[in-house]
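Read the structure below first, then the notes.
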Amino acid sequence: MASSTISEKLRKQLAALPARPGVYIFRNARGEVIYVGKAARLKDRVRSYFGSPHGLEPKTRALREQIDDFEYIVVSNAGEALLLEATLIKRYQPFFNIRLKDDKRYPYLKIDVQNPWPRVYITRRIEKDGAKYFGPYASAGSVRATLDLVKKLFPWRSCTKEITGKDPRPCLDYYIKRCIAPCTGYCTKEEYDEVIEQVILFLEGKADTVLRRLRKQMDDAAERMEYERAAMIRDQIRAVERTVERQVIATTKKEDMDVFGLAREGDQACVQVFFVRGTHMIGRDTFMLEGTSGEDDGTVLGSFLEQYYESAQYVPKLVVVPVEPAEREEIQEMLTARREASVEIRVPARGEKRRMVELANENAREALEVSRVKWLADQSKTMQALEQLREELSLPAIPHRIECYDNSNIQGTSPVSSMVVFIDGKPAPNQYRRFRVKTVEGANDFATMQEILRRRFKRVKVEAVAPGGNGSVETEGDVRLASKGDDDAWDLPDLVIIDGGKGQLNAAVQVMRELGVYQIPTVGLAKRYEEIYVPGEDEPIVLPRGSEGLYLVQRIRDEAHRFAITFHRQVRGKSSVQSALDSIPGIGPKRKKALLRKFGSVKAIREADIDEIASTVGFTRTLAERVKSHV
């Protein structure tokens, strides 16, 4: 839909919509699927996109402008709509949907139990063939690691030959105890089936059951005086026990649950999942998502759960999450139908489960940071990103030095700003700078940015030479850095990025014009949809989704934000310590210092008893009681 007007074709389609649950698919003028959605009543939900644009979110308005055609699929209930929506999102990877990052099928472990002599192997396709599937795994690396472990623990065959039991001799796997050689008839069909059953139980997290069975087999072999077989099973038991010991004890109560953590940065999100079976965490995996910008955490998590469990081959009784997912009741119904038993989605507030969620969140943050660092380490990608920025922003050359600025405060308190520097697309932390805001009162983002830029660009001595050569300072002239005669001069950037939209950019440009550095290319990066504003241009530049250039500016902006937030927390923390102790009568600098040296923080002082405080150098019991009454 090129404009806000609705075409006659769309009007007819809208009029024909049924008042039934279903899934709708929006396409653009090129026929590409750009959004998949679900609805309890298709008639009402789809029509809502084509009403007045004023009440729509910016992301929805942008989607509406691109709709050229749509189709819909009617289903029986909301649960079916949820499942179908997740399937179609994974198939089409629509731009306006939250989506799992990998556009390939996720890998699974498959056990072809319909085969007389089953094998365990990796596949990316689930078929209705009676086989057992385990997954999905986030990457080929994680599924291969699991396959290798299972192969070390259980002696199933990895060959593809036809099993007749009449081969003259077994292969090497038999001699290294990785197969029990059904090819030569060294084992019975029942013995081989028992090995496969053990593999299935182990992958389901039922290691205790596996160990019980193995111990019984060992005892039976010993009673029959088959000591060599008993010794082999004993070694297998020890290997399984060592594996279980390495698994983290997650809970004191036996429960089957998946625990999810979430971390977000720009247009990306990372979900970490812990698989808890019984009392142990038997494994974990990491999934990356795209298209999350402008969405809240609940919507992001809800969309992930739909797509993940749409193809997951095991659904536990309990799903533990850090925030309430969007459409929680509908997702619970979908999971209950998949499990064929009741499933609960829970947001724990305290206890073991809350600690596990926090650990999953922390692991998700680390995985997101690793992903960022890996990208930055790829020289070919960073050079491609810099070249794309030069082209899209019409820069005179590839930006060798990029500076990005961000402000941080809470309702105007403890305001700070950050400057991060990227050289040739890579962070240069030794050149990062932090600023305490000195002249601005309250939460004035524009004035704060102007103060910081004035202070930053006064750190260099700039000589501007006009094209006419008269030496006067003109904004059209060539700007070059001259020595200030001290060690505090900073290099001039080739590109300045302001974290913010058109208002922040205009405020920044005004200062740079005053200081005679207007020739330095300066842009504003809006948070919601990564639009880049350029001085003098009404419409923002939108870099292609998934492009290296967009990824680089997101990384730079996110680094500036992280650096500012970290500094703000430090400043705020010091202020709170100072205010809490300075307000206590009779507690001067020396006594305050003695308290902090002994306890480390106001929280620790608050939790200490009166006798502990009274034993601090310079304190009496009366002073200790006064401290307790104030903190």
Discussion item. Parallel, tilted or perpendicular: which one describes the rings of Phe287 and Phe304, with boundaries at 30° and 60°?
Written reply: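 Aromatic pair Phe287/Phe304 classed tilted.
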Atom of [X], atom of [Y] and distance for their closest heavy-atom approach:
X      : Y      : result
Gly261 : Pro322 : CA-CG, 4.4 Å
Asp296 : Arg264 : C-NH1, 3.4 Å
Leu109 : Thr146 : CD1-CG2, 3.8 Å
Val36  : Glu85  : O-OE2, 3.7 Å
Tyr35  : Pro94  : N-CB, 3.6 Å
Val321 : Leu305 : CG1-CD1, 4.2 Å

Check whether any side-chain heavy atom of [X] sits under 4.5 Å from a side-chain heavy atom of [Y], and report yes or no.
X      : Y      : answer
Val420 : Glu403 : no
Met288 : Cys270 : yes
Arg557 : Arg555 : no
Tyr533 : Ile498 : no
Glu344 : Val319 : no
Val320 : Val276 : no
Arg339 : Met334 : no
Asp406 : Ser417 : no

Practice prompt. Begin from the C-alpha positions of Ile122 and Lys110 and carry the test side chain to side chain contact (heavy atoms under 4.5 Å, CB included) through to its verdict.
Written response: CA-CA 6 Å; Ile122 298 170; Lys110 177 177 180 177; over 6 Å; no
Worksheet entry | Basic-acidic side-chain contact under 4.0 Å: Asp148, Lys151 | no
Practice prompt. Give a yes or no on whether a salt bridge exists between Arg354 and Glu352, defined as a side-chain N under 4.0 angstrom from a carboxylate O.
Written response: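 Between Glu352 and Arg354 there is no salt bridge, as every charged N stays at least 4.0 Å from the carboxylate O atoms.
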Distance-only side-chain donor-acceptor flag, [X] / [Y], under 3.5 Å:
X      : Y      : value
His561 : Asp499 : no
Thr336 : Gln332 : no
Tyr314 : Asp256 : yes
Tyr92  : Arg99  : no
Arg365 : Gln272 : no

Between [X] (side chain only) and [Y] (backbone N and O only), is there a donor and an acceptor less than 3.5 Å apart?
X      : Y      : answer
Arg355 : Lys353 : no
Arg338 : Tyr309 : yes
Gln431 : Ala428 : no
Thr616 : Ile613 : yes
Asp494 : His400 : yes

Fill in: Within 45° cone and under 6.0 Å: Arg277 NZ/CZ vs Phe275 ring
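No, Arg277 does not lie over the aromatic ring of Phe275.
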Discussion item. Quick check on side-chain contact (heavy atoms from CB on, under 4.5 Å): which of Val357, Asp258, Leu359, Asp285 does Phe274 satisfy it with?
Written reply: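 Testing Phe274 for a side-chain contact (heavy atoms from CB on, under 4.5 Å) against Val357, Asp258, Leu359, Asp285 leaves exactly one candidate, Leu359.
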To the nearest 0.5 angstrom, please state how far the [atom1] atom of [X] sits from the [atom2] atom of [Y].
X      : Y      : atom1 : atom2 : answer
Glu548 : Leu543 : CD    : CG    : 11.5 Å
Ile345 : Met257 : CD1   : CE    : 15.0 Å
Ser418 : Asn407 : OG    : CG    : 8.0 Å
Glu295 : Thr292 : CD    : OG1   : 8.0 Å
Leu211 : Leu201 : CG    : CG    : 11.0 Å
Asp424 : Met383 : CG    : CE    : 6.5 Å

Practice prompt. Quick one: do Val347 and Val323 satisfy side chain to side chain contact (heavy atoms under 4.5 Å, CB included)? Show the steps, please.
Written response: CA-CA 6 Å; Val347 185; Val323 296; 5.6 Å; no
Worksheet entry | Residue pairs involving residues 299-325 (criterion salt bridge (charged side-chain N to carboxylate O under 4.0 Å, His left out); sequence neighbours excluded) |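 Qualifying pairs: Lys38-Glu306, Lys90-Glu310, Glu324-Arg328.
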Discussion item. I'd like to check the ring pair (Phe, Tyr, Trp, His ring centres under 6.0 Å) partners of Phe154; sequence neighbours left out, ordered by chain and number.
Written reply: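 Per chain and number, Phe154 pairs via ring pair (Phe, Tyr, Trp, His ring centres under 6.0 Å) with Phe202.
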Worksheet item: Would Tyr405 and Gln504 count as a side-chain hydrogen bond (donor to acceptor under 3.5 Å, both in side chains) if you check the C-alpha gap in whole Å, the side-chain angles of each, and the deciding distance to 0.1 Å?
Response: CA-CA 11 Å; Tyr405 297 84; Gln504 285 90 340; over 6 Å; no
Worksheet item: What do the steps show when you test Glu327 against Leu82 for side chain to side chain contact (heavy atoms under 4.5 Å, CB included), and what is the final call?
Response: CA-CA 10 Å; Glu327 299 178 311; Leu82 199 74; 4.1 Å; yes
Worksheet item: Could you walk me through whether Arg284 and Val273 pass the side chain to side chain contact (heavy atoms under 4.5 Å, CB included) check?
Response: CA-CA 5 Å; Arg284 65 176 186 173; Val273 55; 6.0 Å; no
